[in-house]
Structures are given as structure tokens and as C-alpha cells.
Amino acid sequence: AVRARTVRPAWICGPFASPYSTAVHYEDLILVASGIGITPAMDIINAYRAGSRRLSLIWSCRDASLLEYYLQHGRFDKDGWTL
């Protein structure tokens, strides 16, 4: 709580849609995420897995154990590859 009066203005914008909200309109998807941005990307992968869409994921994270976790617990196609 602010105890002293302040004259600093604040502008609030939003809500903002997911960066992947337009994914439904495309057949080939390239999902780019960093850090915890993997969460909505994994949701899109799981949502469109059964269809005819081609999904590519590019994910940058600073902790290798996170990458290992998702490779072990995620449902990725056998014909995919990891660098």
C-alpha cells in the first residue's frame, strides 16, 4: 500500500492476448519461446498435435536441466530433432 501521496501517473494497458492466439489460422507453425514462455508454446503443441499442422519449437533457456526435463516429460514426435 502507498502511504504517502504520489503524483506519478500510471498507464495500464491490456489484457493482451497470447502471442500464439492466431495459430489457428496457419498450417505450419514456428513457436519461439524463452524461459517460462515455454508454457504457452507447449499448450499450443498439445492442442494441435493430432491435426495436420507442422509444428516447430525454438526455445532458449539458461538452465540445461529445464531442457532435459521437457525432453523427458514432453510429448514430442519421434521425427523431431534437438540441438
Side-chain angles (χ1 to χ4, degrees):
V2 176
R3 296 178 188 207
R5 290 184 57 105
T6 181
V7 293
R8 295 182 183 154
W11 290 273
I12 300 173
C13 297
F16 297 106
S18 166
Y20 305 119
S21 62
T22 59
V24 70
H25 303 296
Y26 302 97
E27 292 297 318
D28 295 330
L29 301 175
I30 300 173
L31 309 173
V32 180
S34 64
I36 63 169
I38 190 67
T39 305
M42 291 301 292
D43 186 44
I44 293 296
I45 289 172
N46 291 329
Y48 295 125
R49 173 178 310 284
S52 62
R53 288 187 165 95
R54 179 178 165 183
L55 302 169
S56 298
L57 172 64
I58 300 169
W59 179 37
S60 171
C61 64
R62 60 180 161 176
D63 188 356
S65 65
L66 288 173
L67 181 59
E68 292 172 3
Y69 175 84
Y70 274 98
L71 288 174
Q72 291 173 0
H73 296 92
R75 293 179 293 163
F76 298 101
D77 293 337
K78 300 293 184 215
D79 61 345
W81 49 273
T82 305
L83 294 176

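Here, residue 1 is the first one in the sequence, and each next residue gets the next number.
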Undergrad: Please check if Leu29 and Val32 belong to a single hydrophobic cluster, counting links between Ile, Leu, Val, Met, Phe, Trp and Tyr side chain heavy atoms closer than 4.5 Å.
TA: no
Undergrad: Side chains of Ile30 and Arg54, heavy atoms from C-beta outward: is any pair under 4.5 Å?
TA: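 The answer is no, as the side chains (C-beta and beyond) never meet within the 4.5 Å cut-off.
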Undergrad: Could you state the interatomic distance from CZ (Arg62) to CG (Leu67), rounded to the nearest 0.5 Å?
TA: 15.0 Å
Undergrad: How long is the straight-line distance from OH of Tyr69 back to CD1 of Ile38, given to the nearest 0.5 Å?
TA: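 Here the interatomic distance stands at 12.0 Å.
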Undergrad: Measuring only between side-chain heavy atoms, which start at C-beta, is Leu66 closer than 4.5 Å to Trp59?
TA: yes
Undergrad: Nearest 0.5 angstrom please: Ser56 OG to Asp28 CG, how far?
TA: 8.0 Å
Undergrad: Restricting to non-hydrogen atoms, name the atom on Ala41 and the atom on Leu57 that form the minimum distance, rounded to 0.1 Å.
TA: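 Answer, listing the atom of Ala41 first, then Leu57: CB-CD1, 3.9 Å.
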Undergrad: Give a yes or no on whether Val24 and Ile45 share a hydrophobic cluster (residues Ile, Leu, Val, Met, Phe, Trp, Tyr; joining criterion: side-chain heavy atoms under 4.5 Å apart).
TA: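 Per the 4.5 Å side-chain linkage, Val24 and Ile45 are co-clustered.
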Undergrad: If you look at every heavy atom in Arg53 and His25, which pair is closest and at what distance?
TA: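 Smallest interatomic distance, heavy atoms only, reads NH2-N, 4.4 Å.
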Undergrad: Do Ser65 and Asp63 come close enough that some side-chain heavy atom pair is under 4.5 Å?
TA: yes
Undergrad: CD1 of Ile44 to OG of Ser21: how many Å apart, nearest 0.5 Å?
TA: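 Taking CD1 in Ile44 and OG in Ser21, the distance rounds to 8.5 Å.
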